[in-house]
Amino acid sequence: MCSSDLVCCATSEKDWGQVMDLAARHPEVVPMLGVHPWSAHKVKSGWRERYIEMLDLTGAGIGEIGLCSLRSEERRVGKEGGGGGGGGR
């Protein structure tokens, strides 16, 4: 990836094809595919298999997958449980 590249993240399965089409038309676009936590309740059965296949077929990167909420949960548990959850990013 170069400093002149643009990252375009799909946040739901319905966006994956659109992001890949954009990247195909514009070589400076780096496609990232994922499912935003706000859209996670809308995924259809078998989405994970389709996701892995799409990543394998296209070489797209892993985009939105909700790790930010996981990190928040780790911090909360660390503070409440007396563990070492105070680390920075």
Side-chain angles (χ1 to χ4, degrees):
M1 195 158 91
C2 300
S3 62
S4 61
D5 289 342
L6 304 170
V7 173
C8 185
C9 294
T11 59
S12 68
E13 185 173 359
K14 70 180 180 68
D15 298 339
W16 298 349
Q18 295 169 340
V19 168
M20 294 311 304
D21 289 344
L22 182 67
R25 290 191 316 270
H26 302 280
E28 69 276 11
V29 173
V30 178
M32 300 293 203
L33 308 179
V35 175
H36 191 281
W38 292 352
S39 301
H41 68 283
K42 299 177 186 176
V43 296
K44 294 186 169 95
S45 178
W47 78 270
R48 190 181 324 222
E49 292 77 14
R50 291 188 300 277
Y51 181 60
I52 292 169
E53 181 179 11
M54 180 69 95
L55 292 175
D56 287 343
L57 291 174
T58 65
I62 296 173
E64 180 62 63
I65 56 173
L67 290 178
C68 54
S69 61
L70 176 64
R71 180 70 177 158
S72 296
E73 178 65 17
E74 287 175 355
R75 285 185 178 171
R76 186 185 65 74
V77 170
K79 287 179 182 174
E80 291 175 0
R89 290 182 185 226

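All values reported here derive from a predicted model rather than from experimental measurement.
Within the 4.5 Å cutoff, side-chain heavy atoms of M20 are placed close to those of L33.
With values rounded to the nearest 0.5 angstrom, E53 atom CD is found 10.5 Å from L55 atom CG. M32 CE to T11 OG1: the interatomic distance, rounded to the nearest 0.5 Å, is 14.5 Å. D21 CG to W16 CH2: the interatomic distance, rounded to the nearest 0.5 Å, is 14.5 Å. Taking CD from E28 and SG from C8, the interatomic distance works out to 11.0 Å, rounded to the nearest 0.5 Å.
Looking only at distances, a side-chain donor or acceptor of T58 sits under 3.5 Å from a matching main-chain atom of M54.
Heavy-atom neighbours of W38 CH2 from other residues, nucleotides or ligands within 6.0 Å: at or below the threshold of 12.
Salt bridge status for K44 with E13: absent, with no side-chain N to carboxylate O gap under 4.0 Å.
Between V19 and A10 the shortest heavy-atom distance is CG2-CB, 3.6 Å.
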